[in-house]
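In what follows, a structure is listed as structure tokens, so that the remarks can point back to it.
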Amino acid sequence: MDNFNFYSPTEFVFGRDRETEAGEYVRKYGGSKVLIHYGGGSAEKSGLLDKVRKSLKESGISFAELGGVQPNPRDTLVYKGIELCKAENVDFILAVGGGSVIDSAKAIAAGVCYDGDFWDFYSGKRVEKALPIGVVLTIAAAGSEGSGDSVITKEDGMLKRATGSDVLRSKFSILDPALTQTLPAYQTACGATDIMAHVFERYFTNTREVEITDRLCEAVLLTMVKETPRVIVDPNNYEARANIMWAGMVAHNGLVGVGRSQDWNSHGIEHELSALYDCAHGAGLAVIMPSWMEFVYKHDVMRFCQMATRVFGCQMDHEHPEVTALEGIRRFREFLHSIGMPINFAELGAKEEDIPNLVEKFGIGDGRTGGFVSLSAEDITAIYKIAVNAKV
Ligand code: NZQ
Ligand code: ZN
């Protein structure tokens, strides 16, 4: 196991109706003038925003509002949010929504405390200071409620880029599984796919003797394999929603990846798809991740066999381990398809002729990237090509 620091300072407030305590937690973490930041309408429609407004009022906290965050959140709204926070002297941002809303809130939080263009943080500059943020989560997916990361798309050129810093970690995150019961099956499945991908990015490692994190990863993956089909059939299943919601946090706050190298190429390769086609991140991952697995599995066949046997219940073929490894990947793709995810370019609405453009925007030139298997631009082209015709 490698040396590591593990820092996860967020207070997680989990369970039914906990969103009614939002005001109390904003006060606890020093907020007196809040920006409520939200998405395209689901939180208004469900009555969640009214509950949050009421809770803030009851705690004597004044607030401004900025809605309209789109999935794959845009820089244009971030600029508006920064201006609004400055004009209204906002000292705390409350994100009410999913990963897109939270990431947009993080970008605003960093931008308010910076004299230059906030996009600098998405082009390599480190965030040193940000307004405090809090979260009321409405979808189990991106894990932004527990991560220090934020992903924003620059409209000019549709560049999707990430930044990460501990100062962007939420002070508190309210996780009420009942809030996710209004999610359409497709969004639920996109979220489940993203959660599994966050684990796989860490599971495929070159670090040896990491039994504890291997087993934690497998626990999250097995939970997702069991619980996702239950909520697809029965969206109101609170217990299954609760397990998924906590799995989404555990998958991405860093816990399951400590002390081991990680990969993250599938995320980078996917981000170009969601930037170009504005598809859901989870749907893009369903197309890319099994294709990436098929491309890299020979690098460590036994690790793929471990996934196949422990997560997807495959029988180990000791004479032909490659058969087991490939069967595990096949079952992963089959699982994704069974929960309604696209698995190839056509099902996602992507086009083969865009591959050179996708690879160019990925932007590694003659370099290589990835912590498990280091990939060149040519390798990335090959992965997109596998994804074009993937089948179950
Ligand atoms: O905008 P509204 O109307 O709220 O609708 C949203 C949106 O259309 C809807 N939704 C959310 N909660 C709902 C609901 N609909 C009904 N009932 C509810 N309770 O779901 C749609 C998707 O929401 P979004 O926030 O985009 O989903 P997600 O949480 O998957 O976030 C995706 C974004 O996070 C980034 C992705 O790249 C993408 O931009 N990621 C962020 C990460 C991070 N910050 O750590 C890591 C991830 O790997 C990921 O890259
Ligand atoms: Zn993700």
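What you are looking at is a predicted structure, and each value in this text was computed from that prediction instead of being measured. Just follow the structure's listing: the first ligand is 1, and inside any ligand the first atom is 1. Only heavy atoms go into these numbers, but all of them, side chains included; no hydrogens, no water, no symmetry mates.
- Residue contacts to the Zn ion (ligand 2): His252 brings no N, O or S atom closer than 2.8 Å.
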Check: For Lys160 and Glu272, what are the C-alpha separation, side-chain angles and deciding distance, and is it a salt bridge (charged side-chain N to carboxylate O under 4.0 Å, His left out)?
Finding: CA-CA 7 Å; Lys160 189 171 184 180; Glu272 298 310 331; over 6 Å; no
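- For the pair Glu294 and Arg330, the salt-bridge criterion is not met [side-chain N within less than 4.0 Å of a carboxylate O].
- Ring-plane geometry between Phe172 and Tyr29 is classed as parallel, the angle between the planes falling under 30 degrees on a 0 to 90 degree scale with a further cut at 60.
- The minimum heavy-atom distance between Arg260 and Gly257, with the atom names listed, is CG-O, 3.1 Å.
- Considering only residues two or more places apart in sequence or on other chains, Glu227 meets the salt bridge (Lys or Arg N to Asp or Glu O under 4.0 Å) condition with Arg230.
- Here Asp194 reaches the Zn ion (ligand 2): one of its N/O/S atoms is less than 2.8 Å from the metal.
- Going from atom NZ of Lys28 over to atom OG of Ser59 covers 13.0 Å, rounded to the nearest 0.5 Å.
- In summary, of the residues considered (His198, Gln306, Gln262), a side chain to side chain donor-acceptor pair (under 3.5 Å) with Tyr203 occurs for Gln306 alone.
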Can you give me a line-by-line list of nitrogen or oxygen pairs between ligand 1 and the protein shorter than 3.5 Å?
unit_1: ligand 1; atom_1: 1 (O); unit_2: Gly40; atom_2: N; d: 2.7
unit_1: ligand 1; atom_1: 3 (O); unit_2: Gly40; atom_2: N; d: 3.4
unit_1: ligand 1; atom_1: 3 (O); unit_2: Gly41; atom_2: N; d: 3.1
unit_1: ligand 1; atom_1: 3 (O); unit_2: Ser42; atom_2: N; d: 2.9
unit_1: ligand 1; atom_1: 4 (O); unit_2: Ser42; atom_2: OG; d: 2.7
unit_1: ligand 1; atom_1: 12 (N); unit_2: Thr138; atom_2: O; d: 3.3
unit_1: ligand 1; atom_1: 12 (N); unit_2: Thr138; atom_2: OG1; d: 2.8
unit_1: ligand 1; atom_1: 17 (N); unit_2: Thr182; atom_2: OG1; d: 2.8
unit_1: ligand 1; atom_1: 19 (N); unit_2: Thr138; atom_2: O; d: 2.9
unit_1: ligand 1; atom_1: 19 (N); unit_2: Leu179; atom_2: O; d: 2.9
unit_1: ligand 1; atom_1: 19 (N); unit_2: Thr182; atom_2: OG1; d: 3.2
unit_1: ligand 1; atom_1: 25 (O); unit_2: Gly99; atom_2: N; d: 3.2
unit_1: ligand 1; atom_1: 25 (O); unit_2: Ser100; atom_2: N; d: 3.0
unit_1: ligand 1; atom_1: 25 (O); unit_2: Ser100; atom_2: OG; d: 3.4
unit_1: ligand 1; atom_1: 26 (O); unit_2: Ser100; atom_2: OG; d: 2.5
unit_1: ligand 1; atom_1: 29 (O); unit_2: Gly99; atom_2: N; d: 2.7
unit_1: ligand 1; atom_1: 31 (O); unit_2: Ser100; atom_2: N; d: 3.4
unit_1: ligand 1; atom_1: 37 (O); unit_2: Lys160; atom_2: NZ; d: 2.8
unit_1: ligand 1; atom_1: 39 (O); unit_2: Lys160; atom_2: NZ; d: 3.4
unit_1: ligand 1; atom_1: 44 (N); unit_2: Asp103; atom_2: OD1; d: 2.7
unit_1: ligand 1; atom_1: 44 (N); unit_2: Asp103; atom_2: OD2; d: 3.1
unit_1: ligand 1; atom_1: 44 (N); unit_2: Ser144; atom_2: OG; d: 3.1
unit_1: ligand 1; atom_1: 44 (N); unit_2: Asp149; atom_2: O; d: 3.0
unit_1: ligand 1; atom_1: 45 (O); unit_2: Ser147; atom_2: OG; d: 2.8
unit_1: ligand 1; atom_1: 45 (O); unit_2: His252; atom_2: NE2; d: 3.1
unit_1: ligand 1; atom_1: 48 (O); unit_2: His198; atom_2: NE2; d: 2.7
unit_1: ligand 1; atom_1: 48 (O); unit_2: His267; atom_2: NE2; d: 2.8
unit_1: ligand 1; atom_1: 48 (O); unit_2: His281; atom_2: NE2; d: 3.2
unit_1: ligand 1; atom_1: 50 (O); unit_2: His271; atom_2: NE2; d: 3.0
unit_1: ligand 1; atom_1: 50 (O); unit_2: His281; atom_2: NE2; d: 3.4

